[in-house]
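First comes the structure, then the notes that go with it.
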Amino acid sequence: LPLTLRQYSSSVRMVGFLLLASTPALILSGYPASIFQGQGRPGLFNLIRTSASAFYCVGLVTLYLVHRTSLFTVVTVQAAGYLFAALLGYSILFAKLRPHINWNPVVARQLGKFGVRAQAANISNYFNQRIDQLIMALFVRPAELGLYVVAVTLATAVTFFSQASGIVTLTRASSAQGHGAARVISTSFRITLLWLALSCALLFMLAPWLINTVFGARFAGSILACRILLPGMVALGLNQVLYNGACALGKPLLSAYAEGCGMVITAVGLAIVLPRWGYIGAAAVSTTSYTV
């Protein structure tokens, strides 16, 4: 963190460490939700999954009303939301299922083998989506990185549907057999493709108005980067469905192989384009990486 944030003030670095300290709560809050997902109980799954965002939203409105908005208070509310989600998730888990500790070496080995592959897939997927900002933080001015982050924030807004579709695909395909699982995955893929094509086309047209209205005229430089990123969002959204489908079929390493190729393209591409084209070139590299 000190290396990545060396161009920023001490207050920004402090916020970075605050977020780092909150990651255990963020990670642990995922387990209760995943258990209820596996049980086919989407109501409890969605309640736990959305609780952190709901807490954050209420916190932001409260800060705005009491005129206490600052970078530190906003991030503090975000971190508190992670802790709230973890406490809520485990409270529901123990109330509904009353779990107890039991050692089963056979199950432990099976979970361990699958978990290692799934973790490799999750890390490679997440890292490929963040490596561009990490490298840019080292080599471009903070203002350019800010324009790029705004473009990414707006472009990735269309992928909420594909994230939900991927979750449903994992749940349904895991409980299906043979050709039934393949049908679930292919149906999710087609529906997601249709959504992404329509929403990205609409966002392409509305990007100038949205950026100027929501972020202000100072962020007009994000418009072109956002539009360049949109084809990559189609690929990114479809990847989410395919990766969850592969995980349901017991093949989570598929995404690790694919994202590994993407990371190579991102790293090499940024080294080539950043010196000349800056964040605009980075947007093109990201789209290429997601598509490959």
Side-chain angles (χ1 to χ4, degrees), residues 4-16 18-19 53 56-78 81 129-163 195-237 266 269-270 272-290:
T4 307
L5 301 178
R6 68 182 188 277
Q7 301 184 61
Y8 298 84
S9 65
S10 58
S11 60
V12 173
R13 289 195 292 272
M14 182 173 62
V15 166
L18 173 61
L19 276 178
S53 298
Y56 186 40
C57 180
V58 172
L60 289 181
V61 172
T62 303
L63 290 177
Y64 177 78
L65 293 177
V66 300
H67 305 291
R68 289 292 184 90
T69 52
S70 68
L71 180 61
F72 181 78
T73 55
V74 166
V75 173
T76 300
V77 169
Q78 184 178 8
Q129 295 182 42
R130 299 295 185 273
I131 189 175
D132 51 352
Q133 298 179 36
L134 176 64
I135 294 176
M136 291 176 67
L138 296 171
F139 297 108
V140 303
R141 293 180 298 109
E144 284 195 46
L145 180 58
L147 292 173
Y148 181 78
V149 170
V150 167
V152 171
T153 300
L154 185 58
T156 53
V158 301
T159 61
F160 76 89
F161 182 90
S162 56
Q163 291 173 355
W195 161 264
L196 290 169
L198 293 175
S199 59
C200 284
L202 181 63
L203 185 55
F204 185 91
M205 294 183 291
L206 294 179
W209 177 78
L210 286 172
I211 288 177
N212 285 316
T213 301
V214 177
F215 297 99
R218 290 185 300 170
F219 290 90
S222 301
I223 296 172
L224 178 58
C226 177
R227 285 175 163 174
I228 293 173
L229 283 166
L230 288 176
M233 295 304 105
V234 176
L236 180 63
T266 300
L270 289 179
I272 296 173
V273 306
L274 278 182
R276 184 170 182 179
W277 292 290
Y279 70 99
I280 298 296
V285 170
S286 294
T287 286
T288 303
S289 173
Y290 298 151

Would the distance check show the side chain of [X] and the main-chain N or O of [Y] forming a donor-acceptor pair, the cut-off being under 3.5 Å?
| X | Y | answer |
| --- | --- | --- |
| R227 | F204 | yes |
| T287 | I228 | yes |
| Y279 | G221 | yes |

With rounding to the nearest 0.5 angstrom, report the [atom1] to [atom2] distance, [X] to [Y].
| X | Y | atom1 | atom2 | result |
| --- | --- | --- | --- | --- |
| Q78 | L60 | CD | CG | 8.5 Å |
| S70 | L63 | OG | CG | 7.5 Å |
| L203 | C226 | CG | SG | 4.5 Å |
| L145 | D132 | CG | CG | 9.0 Å |

Is any side-chain heavy atom of [X] closer than 4.5 Å to a side-chain heavy atom of [Y]?
| X | Y | value |
| --- | --- | --- |
| P142 | Y8 | yes |
| T73 | V77 | no |
| Q133 | V152 | yes |
| M233 | L196 | no |

At their closest point, which heavy atom of [X] faces which heavy atom of [Y], and how far apart are they?
| X | Y | value |
| --- | --- | --- |
| A137 | Q7 | O-NE2, 3.0 Å |
| A283 | Y148 | N-CE1, 3.7 Å |
| S199 | V158 | OG-CB, 3.7 Å |
| T266 | I131 | CG2-CG2, 3.4 Å |
| T4 | L138 | CA-CD2, 4.0 Å |
| L229 | A155 | CB-CB, 4.0 Å |

Could you tell me whether R6 atom CZ has more than 12 heavy atoms of other residues or ligands within 6.0 Å of it?
-> yes
Could you list the donor-acceptor pairs under 3.5 angstrom formed between side-chain atoms of residues 205-219 and any protein atom two or more places apart in sequence or on another chain?
{"from": "W209", "atom 1": "NE1", "to": "T213", "atom 2": "OG1", "distance (Å)": "3.4"}
{"from": "N212", "atom 1": "ND2", "to": "P208", "atom 2": "O", "distance (Å)": "2.9"}
{"from": "T213", "atom 1": "OG1", "to": "W209", "atom 2": "O", "distance (Å)": "2.7"}

Can you spot which of V75, V74, T76 makes a side chain to side chain contact (heavy atoms under 4.5 Å, CB included) with F72?
-> T76
Strictly by modelled atom types, are T156 and T159 linked by a side-chain donor-acceptor pair under 3.5 Å?
-> no
Name all residues meeting the ring pair (Phe, Tyr, Trp, His ring centres under 6.0 Å) criterion together with F160; count only those two or more places apart in sequence or in a different chain, and write none if there are none.
-> W195
